[in-house]
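Data first, discussion second: the structure below is written as structure tokens.
Letters go in sequence order (proteins before strands), and every chain restarts at 1.
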Number of protein chains: 2
Amino acid sequence: MPSLTSVLGALDPTSDRAVFRQIADRLREAIDKGRFKEGDKLPSETELVEHFGVSRMTVRNALALLQQEGLAVSEHGKGVFVRPRPPVRRLASDRFARRHRDQGKSAFTVEAEAAGSRPEVDSLEVKEERPTQDIAARLGSPRKVLARRRRYLLDGRPVEFATSYLPLDLARDTPIAQPNPGPGGIYARLEEMGHRLDHFDEEIRARMPSPAEVRTLHLASGVPVIHLIRTAFDAEGRAVEVCDTVMAADAYVLSYQLPAT
Amino acid sequence: MPSLTSVLGALDPTSDRAVFRQIADRLREAIDKGRFKEGDKLPSETELVEHFGVSRMTVRNALALLQQEGLAVSEHGKGVFVRPRPPVRRLASDRFARRHRDQGKSAFTVEAEAAGSRPEVDSLEVKEERPTQDIAARLGSPRKVLARRRRYLLDGRPVEFATSYLPLDLARDTPIAQPNPGPGGIYARLEEMGHRLDHFDEEIRARMPSPAEVRTLHLASGVPVIHLIRTAFDAEGRAVEVCDTVMAADAYVLSYQLPAT
DNA sequence: ACCATCTAGTCGTCTAGATGAGTTGCTGCC
DNA sequence: GGCAGCAACTCATCTAGACGACTAGATGGT
């Protein structure tokens, strides 16, 4: 067990950089250099207080900084740990290709099982609603919409929360209004109903999660979300579905292939 | 001027929710309801201390929470303000289409001026380097690469930092190795040199910024970054360029159009 | 009119404690 | 051996106060 001094060094009293930032710097360096690896426990607050000769609030400020940066997570009663990087799921831009729609399982399930993970879907809710202004504008201002909400989990960890909106006049009394819309999902049903899909628009934003999103996705502090809004258009140019997805950013890499036209 | 009580209400002493979280909840509600608008000053720490009857650290914890959520920013000596949402720049998936490459200006400059903003590019650096393992793998393991670094600003605000990597054997002694590669940028030069571009791969991640990125992009706390890695392939399937871009997430919406094949 | 200075108000940093609550492992009883 | 309970350690929350640094407006002199 190397001494704390050899791992963290000491503070520079002549520096005008705040002490808690210097402590965070030392810890960050140690993590970057591999002195602490993913999942390792960092020195306890008490140990850092004694090592650097500062008060506990100063040490806590330093640790809070690392958590905001997404480098560390604290666990009450246990310690502060280097944040483990969960395996990421790669979303290819052809994930809605027709050739992926023939199977009975959802794209999420197929991909997850192929990657050796245990997929789950919960919070399934299907209901009719008045659309928000934004959703209504994207769908051509329907009075009401069908909303399909669900949460996706990998190996028990929630990673994504999605809501699909469809104009109610289009979805009412169809399999799309059922909790399970059948093989190939709602896109297969839409095509069967004569809405041949032409293209999708996807808008991507990144931001910090709301408190509700932190609860739903069990997000550690320092983990942003990716907010993806996809609109599906049929061959007549009508927007037939808007899917609003919030993803834990540490669980995803989005991948797009663009032709160089 | 409405009283603080009418805007913020009081705490619930029977709740087991931490006091600083309750204070943050009250402030967040007030912001959501429009009682405080973008750019408005929140009550000072002293005012909140007196209103809620708690110590200053408790109030500061509450305000820190709002800043982590990206809802507020503090300004030393002035106060804590509801974070203004800067106008976002939308990046379309056809932004590298040939038809956009004819003009003398860069895509960034043209788009920014069209949107009425004042674009700048700085930190221009062009040099030869040994590639990192990741870049090397994407480019077919060249021994050395040409790296082109630049930072983009809109109306004086830095919004994006990008580095392009090209295999050195391909870029050496060409206009691409010049600070200004000429009209249409390096993609026009690559095509002139016989590398007809075929397609781009883009990988998108979101995460919290490193301290270096906070400095380079002047990021407020609670603002994540979007990390985009684009690889350009020529008609022979060779990777001719990798562009590594870090964007302030509050300044961008990425937009992709996907065919429903 | 201009500018330097003062001052009140603001957030930033740090100290030194107290109490509470979750986790873990040990100890001693059965 | 098994288990209940205790002790030690962890982070979470909160208090009360001190000093520093930055901002902006008021003051007053040139």
Problem - side-chain hydrogen bond (donor to acceptor under 3.5 Å, both in side chains) assessment of D134(A) paired with T132(A) - result: CA-CA 5 Å; D134(A) 177 63; T132(A) 64; 5.2 Å; no
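Using a 4.0 Å cutoff on non-hydrogen atoms, no part of residues 21-30 of chain B comes near DNA chain C.
At the phosphate of dT15(D), OP1 or OP2 sits under 4.0 Å from a side-chain N or O atom of T58(B). For K78(A), no side-chain nitrogen or oxygen approaches OP1 or OP2 of dC9(D) to under 4.0 Å.
Where DNA chain C meets chain B (any atom under 4.0 Å from a heavy atom), the bounding nucleotides read 5' to 3' are dG9(C) to dC14(C).
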Are there any protein N/O atoms within less than 3.5 Å of an N/O atom in nucleotides 16-20 of chain D, and if so, which ones and at what distance?
residue, atom, partner, partner atom, Å
dA18(D), N6, R56(B), NH1, 3.3
dG20(D), N2, H76(B), NE2, 3.4

Dump every N/O contact between nucleotides 4-8 of chain D and the protein below 3.5 Å, one line per pair.
none

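Partners of T109(B) according to the side chain to side chain donor-acceptor pair (under 3.5 Å) rule, which considers only residues two or more places apart in sequence or in another chain, are S106(B).
Within the 4.5 Å cutoff, the side chain of P211(A) has heavy atoms near those of the E69(B) side chain. Counting heavy atoms from C-beta outward, R151(A) and E160(A) have side chains that stay 4.5 Å or more apart. A heavy-atom distance below 4.5 Å is not found between the side chains of M247(B) and F161(B).
Other residues, nucleotides and ligands contribute at most 12 non-hydrogen atoms within 6.0 Å of the CZ atom of R130(A).
A side chain to side chain donor-acceptor pair (under 3.5 Å) check over residues 33-43 of chain A, counting only residues at least two apart or in different chains, returns nothing.
Counting only distance, with no hydrogens or angles, the side chain of E47(A) and the backbone of S44(A) share a donor-acceptor pair below 3.5 Å.
Protein atom CZ of R60(A) is 7 Å distant from nucleotide atom P of dT13(D), rounded to whole Å. To the nearest angstrom, P of dA12(D) lies 16 Å from CG of D16(B).
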